[in-house]
Amino acid sequence: MELSAKDLSLVRRLSDGLPLSEHPYAELGAPLGMAEDEVIARLKAMIEAGLIRRFGVVVRHRELGFRANAMVVWNVPEEQVSEVGRQMAGAEGVTLCYRRPRRPGRWDYTLFCMVHGRDRAQVEALVAQIALRFPYEHKLLFSSRRFKQQGAIYGKVA
Amino acid sequence: MDEIDRNIINSLQDGFPLTPTPFADAAKALGIEEDDLIRRLQALRADNVLTRFGPLYNAEAMGGGLTLAAMAVPEDRFEKVAEIVNTFPEVAHNYAREHALNMWFVVATERPEEVAEVLEAISAGTGLEVYDMPKQEEFSLSLRFEA
(Lines give C-alpha, C1' and ligand atoms only; values in the text may rest on other atoms or scores of the structure.)
Protein backbone atom coordinates (compact mmCIF):
# COMPACT_ATOMS: atom_id res chain seq x y z
CA MET A 1 0.00 0.00 0.00
CA GLU A 2 1.24 3.47 -0.88
CA LEU A 3 1.17 5.97 1.94
CA SER A 4 -0.07 9.42 0.94
CA ALA A 5 1.22 12.61 2.55
CA LYS A 6 -1.96 12.62 4.62
CA ASP A 7 -1.36 9.05 5.76
CA LEU A 8 2.13 10.00 6.85
CA SER A 9 0.84 12.93 8.88
CA LEU A 10 -1.62 10.56 10.49
CA VAL A 11 1.15 8.07 11.26
CA ARG A 12 3.20 10.84 12.80
CA ARG A 13 0.33 12.15 14.91
CA LEU A 14 -0.34 8.63 16.12
CA SER A 15 3.19 7.77 17.12
CA ASP A 16 2.59 9.36 20.53
CA GLY A 17 -0.57 7.36 20.87
CA LEU A 18 -4.29 7.75 20.41
CA PRO A 19 -5.94 10.57 22.38
CA LEU A 20 -7.75 9.09 25.39
CA SER A 21 -11.06 10.76 24.67
CA GLU A 22 -14.61 10.01 23.55
CA HIS A 23 -13.94 10.58 19.84
CA PRO A 24 -10.22 9.92 19.46
CA TYR A 25 -10.28 9.41 15.69
CA ALA A 26 -12.11 12.69 15.11
CA GLU A 27 -9.63 14.45 17.40
CA LEU A 28 -6.73 12.86 15.56
CA GLY A 29 -8.00 13.90 12.14
CA ALA A 30 -9.15 17.44 12.92
CA PRO A 31 -5.78 19.22 12.61
CA LEU A 32 -5.05 17.23 9.45
CA GLY A 33 -8.33 18.14 7.78
CA MET A 34 -9.45 14.51 7.91
CA ALA A 35 -12.93 13.48 8.95
CA GLU A 36 -13.47 10.77 11.54
CA ASP A 37 -14.63 8.16 9.01
CA GLU A 38 -11.64 8.89 6.78
CA VAL A 39 -9.22 8.39 9.69
CA ILE A 40 -10.92 5.10 10.56
CA ALA A 41 -10.81 3.92 6.94
CA ARG A 42 -7.09 4.74 6.58
CA LEU A 43 -6.21 2.98 9.84
CA LYS A 44 -8.19 -0.09 8.76
CA ALA A 45 -6.29 -0.11 5.48
CA MET A 46 -2.95 0.16 7.28
CA ILE A 47 -3.84 -2.73 9.59
CA GLU A 48 -4.96 -4.88 6.65
CA ALA A 49 -1.78 -4.05 4.74
CA GLY A 50 0.30 -5.07 7.76
CA LEU A 51 1.75 -1.58 8.27
CA ILE A 52 0.31 -1.64 11.75
CA ARG A 53 0.97 -4.95 13.48
CA ARG A 54 -1.17 -4.39 16.52
CA PHE A 55 -3.42 -1.63 17.71
CA GLY A 56 -4.05 -1.23 21.42
CA VAL A 57 -2.09 -0.98 24.63
CA VAL A 58 1.68 -1.11 24.27
CA VAL A 59 3.00 -2.40 27.58
CA ARG A 60 6.28 -2.20 29.37
CA HIS A 61 6.89 -5.80 30.30
CA ARG A 62 9.08 -4.98 33.28
CA GLU A 63 6.40 -2.92 34.94
CA LEU A 64 3.98 -5.80 34.38
CA GLY A 65 6.14 -8.07 36.50
CA PHE A 66 8.10 -9.70 33.67
CA ARG A 67 11.33 -8.74 35.35
CA ALA A 68 13.53 -11.25 33.59
CA ASN A 69 14.08 -11.46 29.89
CA ALA A 70 16.71 -13.39 28.07
CA MET A 71 17.69 -13.24 24.49
CA VAL A 72 18.38 -16.90 23.82
CA VAL A 73 20.68 -17.54 20.91
CA TRP A 74 21.10 -20.91 19.23
CA ASN A 75 23.84 -22.26 17.05
CA VAL A 76 21.69 -23.95 14.42
CA PRO A 77 23.19 -24.98 11.09
CA GLU A 78 22.05 -22.70 8.26
CA GLU A 79 20.13 -25.43 6.46
CA GLN A 80 18.04 -26.19 9.55
CA VAL A 81 17.33 -22.69 10.83
CA SER A 82 14.04 -22.13 9.02
CA GLU A 83 12.48 -25.36 10.18
CA VAL A 84 13.75 -25.09 13.77
CA GLY A 85 12.70 -21.42 13.92
CA ARG A 86 9.16 -22.20 12.85
CA GLN A 87 8.84 -24.85 15.54
CA MET A 88 10.58 -22.92 18.27
CA ALA A 89 8.33 -19.89 17.72
CA GLY A 90 5.46 -21.87 19.17
CA ALA A 91 7.31 -23.03 22.30
CA GLU A 92 6.11 -21.84 25.68
CA GLY A 93 7.72 -18.59 26.80
CA VAL A 94 8.98 -17.61 23.34
CA THR A 95 7.64 -14.21 22.27
CA LEU A 96 9.83 -13.44 19.27
CA CYS A 97 11.96 -15.66 17.08
CA TYR A 98 14.28 -14.51 14.31
CA ARG A 99 17.03 -15.78 12.07
CA ARG A 100 20.09 -13.53 12.04
CA PRO A 101 23.54 -13.81 10.43
CA ARG A 102 26.63 -15.44 11.89
CA ARG A 103 29.71 -13.31 12.44
CA PRO A 104 32.56 -15.80 12.00
CA GLY A 105 35.06 -15.60 14.83
CA ARG A 106 32.83 -13.37 16.89
CA TRP A 107 29.32 -14.73 16.86
CA ASP A 108 28.16 -18.26 16.02
CA TYR A 109 24.44 -18.02 16.60
CA THR A 110 21.85 -18.06 13.85
CA LEU A 111 18.56 -18.25 15.72
CA PHE A 112 17.45 -15.66 18.27
CA CYS A 113 14.44 -15.87 20.48
CA MET A 114 13.17 -13.77 23.35
CA VAL A 115 11.98 -15.51 26.48
CA HIS A 116 10.24 -13.46 29.15
CA GLY A 117 9.49 -14.58 32.68
CA ARG A 118 8.69 -13.27 36.12
CA ASP A 119 12.21 -14.06 37.30
CA ARG A 120 15.45 -15.53 36.09
CA ALA A 121 14.68 -19.03 37.40
CA GLN A 122 11.45 -19.16 35.43
CA VAL A 123 13.21 -18.09 32.25
CA GLU A 124 15.94 -20.69 32.80
CA ALA A 125 13.35 -23.42 33.33
CA LEU A 126 11.50 -22.43 30.15
CA VAL A 127 14.73 -22.46 28.16
CA ALA A 128 15.70 -25.85 29.59
CA GLN A 129 12.40 -27.22 28.30
CA ILE A 130 12.97 -25.73 24.87
CA ALA A 131 16.51 -27.13 24.77
CA LEU A 132 15.20 -30.63 25.38
CA ARG A 133 13.31 -30.38 22.10
CA PHE A 134 16.03 -28.48 20.26
CA PRO A 135 19.38 -29.76 21.50
CA TYR A 136 21.59 -27.12 19.87
CA GLU A 137 24.37 -25.26 21.60
CA HIS A 138 22.85 -22.08 23.00
CA LYS A 139 23.40 -19.15 25.34
CA LEU A 140 21.09 -17.11 27.52
CA LEU A 141 21.86 -13.41 27.39
CA PHE A 142 19.95 -11.96 30.30
CA SER A 143 19.41 -8.26 30.26
CA SER A 144 20.97 -6.65 33.28
CA ARG A 145 19.67 -3.17 32.52
CA ARG A 146 17.29 -1.51 30.17
CA PHE A 147 18.48 1.87 29.01
CA LYS A 148 15.78 2.76 26.60
CA GLN A 149 12.42 1.47 25.43
CA GLN A 150 10.47 3.66 23.10
CA GLY A 151 8.44 3.27 19.97
CA ALA A 152 10.13 3.82 16.68
CA ILE A 153 9.43 7.18 15.13
CA TYR A 154 7.89 7.25 11.68
CA GLY A 155 6.44 9.86 9.41
CA LYS A 156 8.82 12.62 10.43
CA VAL A 157 9.17 13.67 6.81
CA ALA A 158 5.72 13.93 5.35
CA MET B 1 -3.28 -2.57 39.55
CA ASP B 2 -6.46 -4.54 40.16
CA GLU B 3 -8.39 -7.23 38.31
CA ILE B 4 -10.02 -4.72 35.96
CA ASP B 5 -6.66 -3.20 35.03
CA ARG B 6 -5.31 -6.66 34.28
CA ASN B 7 -8.34 -7.36 32.15
CA ILE B 8 -7.79 -4.15 30.22
CA ILE B 9 -4.16 -4.97 29.54
CA ASN B 10 -4.86 -8.54 28.51
CA SER B 11 -7.74 -7.80 26.20
CA LEU B 12 -6.63 -4.52 24.65
CA GLN B 13 -3.19 -5.46 23.32
CA ASP B 14 -4.68 -5.79 19.88
CA GLY B 15 -7.88 -5.24 17.99
CA PHE B 16 -8.88 -1.90 19.52
CA PRO B 17 -12.23 -0.90 17.94
CA LEU B 18 -12.07 1.28 14.84
CA THR B 19 -15.41 2.88 15.51
CA PRO B 20 -16.42 6.48 16.21
CA THR B 21 -16.53 5.81 19.98
CA PRO B 22 -13.92 3.08 20.50
CA PHE B 23 -13.41 3.61 24.23
CA ALA B 24 -17.14 3.33 24.86
CA ASP B 25 -17.28 0.15 22.77
CA ALA B 26 -14.20 -1.37 24.40
CA ALA B 27 -15.52 -0.46 27.85
CA LYS B 28 -18.81 -2.15 27.12
CA ALA B 29 -17.02 -5.35 26.16
CA LEU B 30 -15.09 -5.16 29.44
CA GLY B 31 -18.24 -4.50 31.44
CA ILE B 32 -17.13 -1.07 32.67
CA GLU B 33 -17.99 2.56 31.94
CA GLU B 34 -16.19 4.56 29.26
CA ASP B 35 -14.88 7.20 31.66
CA ASP B 36 -13.61 4.46 33.98
CA LEU B 37 -11.67 2.86 31.10
CA ILE B 38 -10.19 6.19 30.06
CA ARG B 39 -9.22 7.05 33.65
CA ARG B 40 -7.56 3.67 34.13
CA LEU B 41 -5.62 3.95 30.87
CA GLN B 42 -4.41 7.40 31.92
CA ALA B 43 -3.28 5.99 35.27
CA LEU B 44 -1.53 3.00 33.67
CA ARG B 45 0.28 5.36 31.35
CA ALA B 46 1.25 7.67 34.20
CA ASP B 47 2.58 4.66 36.12
CA ASN B 48 4.62 3.65 33.08
CA VAL B 49 2.95 0.27 32.73
CA LEU B 50 1.95 1.37 29.24
CA THR B 51 4.38 3.11 26.96
CA ARG B 52 1.43 4.36 24.96
CA PHE B 53 -1.93 3.48 23.58
CA GLY B 54 -2.07 3.06 19.85
CA PRO B 55 -0.34 1.39 16.94
CA LEU B 56 2.67 -0.87 16.85
CA TYR B 57 4.09 -0.15 13.42
CA ASN B 58 5.79 -2.69 11.21
CA ALA B 59 9.05 -0.96 10.35
CA GLU B 60 9.74 -2.74 7.07
CA ALA B 61 6.18 -2.44 5.83
CA MET B 62 6.31 1.28 6.63
CA GLY B 63 9.26 1.44 4.25
CA GLY B 64 11.68 1.97 7.09
CA GLY B 65 14.85 0.21 8.16
CA LEU B 66 15.28 -1.92 11.25
CA THR B 67 18.13 -3.86 12.73
CA LEU B 68 19.56 -5.28 15.93
CA ALA B 69 23.12 -4.27 16.68
CA ALA B 70 25.61 -5.29 19.32
CA MET B 71 28.83 -3.89 20.75
CA ALA B 72 31.52 -5.13 23.10
CA VAL B 73 31.84 -2.21 25.50
CA PRO B 74 34.62 -2.05 28.11
CA GLU B 75 33.00 -2.05 31.58
CA ASP B 76 34.58 1.22 32.65
CA ARG B 77 33.14 3.01 29.62
CA PHE B 78 29.72 1.42 29.72
CA GLU B 79 27.70 4.35 31.09
CA LYS B 80 29.32 6.86 28.79
CA VAL B 81 28.82 4.68 25.71
CA ALA B 82 25.17 4.01 26.64
CA GLU B 83 24.64 7.74 26.89
CA ILE B 84 26.09 8.30 23.42
CA VAL B 85 24.08 5.47 21.86
CA ASN B 86 20.83 6.60 23.47
CA THR B 87 21.13 10.13 22.13
CA PHE B 88 20.35 8.75 18.67
CA PRO B 89 16.59 9.07 18.14
CA GLU B 90 16.76 6.03 15.85
CA VAL B 91 17.78 3.82 18.80
CA ALA B 92 14.49 2.36 19.99
CA HIS B 93 15.62 -0.15 22.61
CA ASN B 94 18.93 -0.57 24.32
CA TYR B 95 19.74 -3.35 26.75
CA ALA B 96 22.84 -4.35 28.64
CA ARG B 97 23.28 -8.11 28.32
CA GLU B 98 25.62 -10.61 29.91
CA HIS B 99 28.04 -11.58 27.17
CA ALA B 100 31.28 -10.33 25.62
CA LEU B 101 28.92 -8.46 23.30
CA ASN B 102 27.30 -6.66 26.21
CA MET B 103 25.23 -3.88 24.65
CA TRP B 104 22.34 -4.70 22.33
CA PHE B 105 20.15 -2.13 20.71
CA VAL B 106 17.48 -1.85 18.06
CA VAL B 107 17.83 0.80 15.37
CA ALA B 108 14.71 1.87 13.48
CA THR B 109 14.99 4.40 10.68
CA GLU B 110 12.59 5.97 8.22
CA ARG B 111 14.54 4.82 5.20
CA PRO B 112 16.37 1.46 4.95
CA GLU B 113 19.66 3.04 3.86
CA GLU B 114 19.79 5.12 7.05
CA VAL B 115 20.49 2.05 9.19
CA ALA B 116 24.08 1.80 7.97
CA GLU B 117 24.57 5.55 8.45
CA VAL B 118 23.36 5.40 12.04
CA LEU B 119 25.54 2.38 12.85
CA GLU B 120 28.55 4.12 11.35
CA ALA B 121 27.82 7.26 13.34
CA ILE B 122 27.53 5.22 16.54
CA SER B 123 30.79 3.48 15.77
CA ALA B 124 32.50 6.81 15.07
CA GLY B 125 31.00 8.40 18.19
CA THR B 126 32.07 5.59 20.52
CA GLY B 127 35.22 4.34 18.82
CA LEU B 128 33.84 0.81 19.03
CA GLU B 129 32.95 -1.76 16.43
CA VAL B 130 29.22 -2.16 15.89
CA TYR B 131 27.96 -5.58 14.82
CA ASP B 132 24.92 -5.39 12.59
CA MET B 133 22.62 -8.39 13.02
CA PRO B 134 19.66 -7.77 10.76
CA LYS B 135 16.70 -10.08 10.75
CA GLN B 136 16.91 -12.57 7.88
CA GLU B 137 13.74 -14.45 8.63
CA GLU B 138 10.96 -14.01 11.13
CA PHE B 139 9.11 -16.86 12.76
CA SER B 140 6.70 -15.27 15.19
CA LEU B 141 4.96 -12.17 16.26
CA SER B 142 2.98 -12.83 19.36
CA LEU B 143 4.58 -10.26 21.64
CA ARG B 144 1.80 -10.30 24.19
CA PHE B 145 2.09 -10.20 27.92
CA GLU B 146 -0.32 -11.52 30.49
CA ALA B 147 -0.83 -9.09 33.34
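In what follows, chains carry the letters A, B, and so on, assigned in the order in which the sequence lines appear, proteins first and then strands, with residues in each chain numbered from 1.
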Look up atom [atom1] in [X] and atom [atom2] in [Y], then write down how far apart they are to the nearest 0.5 Å.
{"X": "A:Leu18", "Y": "B:Arg52", "atom1": "CG", "atom2": "CZ", "result": "11.5 Å"}
{"X": "B:His99", "Y": "A:Met71", "atom1": "NE2", "atom2": "CE", "result": "8.5 Å"}
{"X": "B:Glu138", "Y": "A:Arg100", "atom1": "CD", "atom2": "CZ", "result": "9.5 Å"}
{"X": "B:Lys135", "Y": "A:Leu96", "atom1": "NZ", "atom2": "CG", "result": "9.5 Å"}
{"X": "B:Asp14", "Y": "A:Phe55", "atom1": "CG", "atom2": "CZ", "result": "10.0 Å"}

Which one of [options] has the most heavy-atom pairs closer than 4.5 Å to chain B?
{"options": "A:Gly17, A:Ser21, A:Pro101, A:Gly85", "result": "A:Pro101"}
{"options": "A:Glu22, A:Lys139, A:Met46, A:Arg99", "result": "A:Arg99"}
{"options": "A:Leu111, A:Leu14, A:Val57, A:Val81", "result": "A:Val57"}
{"options": "A:Ser82, A:Ala49, A:Ala26", "result": "A:Ser82"}

Which atoms of [X] approach chain B - backbone, side chain, both or neither, heavy atom under 4.5 Å:
{"X": "A:Leu51", "result": "both"}
{"X": "A:Arg103", "result": "side chain"}
{"X": "A:Asp16", "result": "backbone"}
{"X": "A:Tyr25", "result": "side chain"}
{"X": "A:Glu36", "result": "side chain"}
{"X": "A:Ala41", "result": "neither"}

Those residues of residues 27-41 of chain B, ordered by number, that approach chain A below 4.5 Å (heavy atom to heavy atom):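 Answer by number: B:Glu34, B:Ile38, B:Leu41.
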Per-residue contacts, residues 67-76 of chain B versus chain A, heavy atoms under 4.5 Å: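 Contacts with chain A: B:Leu68, B:Ala72.
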Taking all heavy atoms of [X] and all of [Y], pick out the closest pair and write down the distance.
{"X": "B:Asn58", "Y": "A:Arg53", "answer": "OD1-NH2, 3.6 Å"}
{"X": "B:Pro22", "Y": "A:Pro24", "answer": "CG-CG, 3.4 Å"}
{"X": "B:Phe139", "Y": "A:Tyr98", "answer": "CE1-C, 3.9 Å"}
{"X": "B:Tyr57", "Y": "A:Val11", "answer": "OH-O, 2.9 Å"}

side-chain contact (heavy atoms from CB on, under 4.5 Å) between A:Asn69 and B:Arg97, intermediate numbers included: CA-CA 10 Å; A:Asn69 82 77; B:Arg97 295 195 181 273; 3.0 Å; yes
Pairwise side-chain contact, A:Thr110 with B:Gln136, heavy-atom cut-off 4.5 Å (strictly under):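 When only atoms from C-beta onward are counted, B:Gln136 and A:Thr110 do not touch, as no gap falls below 4.5 Å.
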Beyond-backbone contact of A:Ile40 with B:Pro20, side-chain heavy atoms, under 4.5 angstrom: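 Sidechains of B:Pro20 and A:Ile40: in contact.
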Which portion of B:Phe53 sits near chain A, non-hydrogen atoms under 4.5 angstrom: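 Both the backbone and the side chain of B:Phe53 come within 4.5 Å of chain A.
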Most contacts with chain A, counted as non-hydrogen pairs under 4.5 angstrom, among B:Ala26, B:Ala100, B:Pro134: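 Of B:Ala26, B:Ala100, B:Pro134, B:Pro134 has the most heavy-atom pairs under 4.5 Å with chain A.
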Among the listed options B:Thr19, B:Leu44, B:Ile8, the residue most often paired with chain A at heavy-atom distances under 4.5 Å: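 Heavy-atom pairs under 4.5 Å are most numerous for B:Thr19.
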CD/B:Glu113: more than 12 non-hydrogen atoms of other groups inside 6.0 Å: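 Atom CD in B:Glu113 is packed in, count exceeds 12.
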